[in-house]
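When a residue number appears, it is its place in the shown sequence, counting from 1. Any value given below was found using the heavy atoms of this structure, including those in side chains, with hydrogens, waters and symmetry copies removed.
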Amino acid sequence: MSAVTHLESSNAQSIPSNPLWNKPIHDQRPIKIACIGAGAAGLIFAYKLQRSFENFDLTLYEKNEDIGGTWLENKYPGCACDIAAHAYTWTFEPNPNWSSVYAGSDEIHGYFSRFTDKYGLRKYCQFKKRLSRAEWDDEKGQWNIEITDLETGNTIHDWCHFLINGSGVLNAWKWPNIPGLDTFEGDVLHTAKYDRSLDLTDKTVALIGTGSSGIQVLPAILPKVKKAITFNRSPTWVFPTQAFEQRHYTPEEIEAFAADPKKLKDHRRELDTNINRLYPLFIRDSPLQENLTSTMRNAMAEKLKGSGLEDKVIPTWGVGCRRITPGVGYLEALTHEKTEVVLSGVKEITAKSLISDEGKEYTADVIICATGFDTSYMPRFPIIGSNGQSLADAWKDEPTNYLGLATPGFPNYFMMAGPNSPVGNGPFLVVLEAQADYMLKLINRYQTENIHSISPKLEAAQDLMEYKDAHMKRMVWDLECRSWYKSGSSSGKITALWVGSSLHYLETISDPRYEDFNFSYNGNRFAFLGNGFSQTEMDVTADWSYYLRDADDGPFLGRAKHRRVVTKSGTVERPQEGAAPARGIV
């Protein structure tokens, strides 16, 4: 009889009760996880969980009929990612077949759909199901959740150990608050709920909004419409330079990317590297900020020359205060003979027309509202934490958060791309990957130790918010401009951006600061030590002397040396600090 078998069969009546006495260290208990949404965030979480974990139950509750999130919902004319397509892929899942620099929404949705099918992620998805309530049960150490079946209207009750909010930032679209909008007799569309069957041929179309969506819509509809009336309430920076122009990849380029993985990887690296060089642009009064603002002002003025719009649509605040937009063809569309630019907002809508803030009436057949989303980060349904407080109440003044991932008082609750994540100044999908990795490091401890719940300490989150507010005073984002980075305000607190570059964020969350978390336990915190045997000894196929080596090839434990190895320090030459970004940034 082996020592392990003997111990398991011994009489342990005199030993204090421990459900893990007959288990080796780090026994993997079952875990049940629910994720809100099957867009990019939910999909990468599902992939990472499936790749690294065993003994889990996962459900992605998705309100739509398919995966894809924003790339399923947004189908408006000209809809495309404003980041280069080859820089908008998972780090490990390149796509040699992107048709153009800025891929359209259908093509991007196709990429995520293929990813979902390749790794068998649909089995976790429950479609047409909207999470409608979540409440923490501290006695059971679980979230009790309610889901609305959008097809039947029925309420489904479920529970989970961990609740992951993967619903994203730009998912709750909203109509503009304009009196009379519902009285308009023509077609009224929102870019996030666009009806592609509507024919705009020879129609007079009114476009409300000058954000990323509005900038894409105008040049896309212009060839068809009889007239476009665009209401430009506020100026915005548009990048008209050659580095940001759209172009289609040639069949030869696509074939070369498919045939030569190194060529494709080099192209991806060039794009990501150039995006990562952008951060100094966002620092107030930095050389790059001043130089690029001047360059962009001159470039826009040249495109608008003779139109009379030069001092109307070019901002006075610095580049980057609002989200940077390539604006392919937008400035040309503003000066087109079929376009009328109204330099104000809309104060009222009648049955057949829109009334500007100045009181002038504009007749239209169709209204397209490119008025964006609710970016307040307020939850769309009740989320009740450990002290009975709702997340809406906890965040009524500001979405206090920990690293954009979690919030105090809401145990076992994680957010993908939560408040103050780096969503506006670098590659984005790698951030989602890193956030999923971070969550799973904590979930791994939960599964293999006798942990009841995990939540960030209030003082840690408050310290981070204090640092964030002080840091943002140095940034161009804090200038006086209306932006969704500030929840749609001109001068409010910055709720949507991280306090550094994307690379800075990746280094910040590479290792969890466990001291910033409250861990509560089911009994003795060391009960997970179990019966004294290792997992290795339970595996008869394992090498029980795996630690023996011919040389010390282990990872460096000091941050500096470890970082240099991971980032291949010494292999690349950089241009001088403060130099203008290379062509083809995004």
Would you list the pairs meeting ring-ring contact (aromatic ring centres under 6.0 Å, His included) in which at least one residue belongs to residues 376-398, sequence neighbours left out?
none
For His452, check side chain to side chain donor-acceptor pair (under 3.5 Å) against everything at least two apart and list the hits.
Ser520
When you compare the side chain of His157 with that of Asn144, does any pair of heavy atoms fall below 4.5 Å?
no
What residues, two or more places apart in sequence or in another chain, satisfy ring-ring contact (aromatic ring centres under 6.0 Å, His included) together with Tyr194?
none
What pairs with Phe282 under ring-ring contact (aromatic ring centres under 6.0 Å, His included), at least two apart in sequence or on another chain?
Trp477
Lys123: what forms a side chain to side chain contact (heavy atoms under 4.5 Å, CB included) with it, not counting sequence neighbours?
Gln50
For Phe162 and Tyr446, I'd like to know if the aromatic rings sit close, meaning centre-to-centre distance below 6.0 Å.
yes
What residues form a ring-ring contact (aromatic ring centres under 6.0 Å, His included) with His471, not counting sequence neighbours?
Tyr467
Apply side chain to side chain contact (heavy atoms under 4.5 Å, CB included) to Lys486 and list each qualifying residue two or more places apart in sequence or on a separate chain.
Cys321, Cys481, Ser483, Ser489, Ile494
Test salt bridge (charged side-chain N to carboxylate O under 4.0 Å, His left out) on Asp397 and Lys493; report intermediate values, then the result.
CA-CA 10 Å; Asp397 297 321; Lys493 288 187 176 183; over 6 Å; no
Please step through salt bridge (charged side-chain N to carboxylate O under 4.0 Å, His left out) for the pair Lys128 and Glu151, ending with a clear verdict.
CA-CA 7 Å; Lys128 304 294 286 185; Glu151 293 183 314; 5.9 Å; no
Is any side-chain heavy atom of His26 less than 4.5 Å from a side-chain heavy atom of Phe528?
yes
Partners meeting side chain to side chain donor-acceptor pair (under 3.5 Å) with Arg130 (sequence neighbours left out)
none
Could you tell me whether Arg51 sits above the aromatic face of Phe92, with NZ or CZ closer than 6.0 angstrom to the six-membered ring centre and within 45 degrees of the axis?
no
Is any side-chain heavy atom of Tyr402 closer than 4.5 Å to a side-chain heavy atom of Asp463?
no
The complete set of side-chain hydrogen bond (donor to acceptor under 3.5 Å, both in side chains) pairs with one or both residues in residues 415-436, sequence neighbours excluded, reads Thr91-Glu433, Asn401-Asn420, Ser421-Gln435, Gln435-Tyr505
Nearest atoms (heavy-atom pairs only) where Phe428 meets Pro422:
CD1-O, 4.3 Å
ring-ring contact (aromatic ring centres under 6.0 Å, His included) filter on Tyr119, not counting sequence neighbours, yields Tyr47, Phe115
Does CZ in Arg525 sit with more than 12 non-hydrogen atoms of other residues, nucleotides or ligands closer than 6.0 Å?
no
Check side chain to side chain contact (heavy atoms under 4.5 Å, CB included) between Ala46 and all other residues, then give those that pass, not counting sequence neighbours.
Leu58, Leu60, Leu121, Tyr124
Side chain to side chain contact (heavy atoms under 4.5 Å, CB included) partners of Lys457, counting only residues at least two apart
Glu459, Ala460, Asn518
Keeping the roles fixed (side chain from Ser534, backbone from Ile25), state whether a donor-acceptor pair exists under 3.5 Å.
no
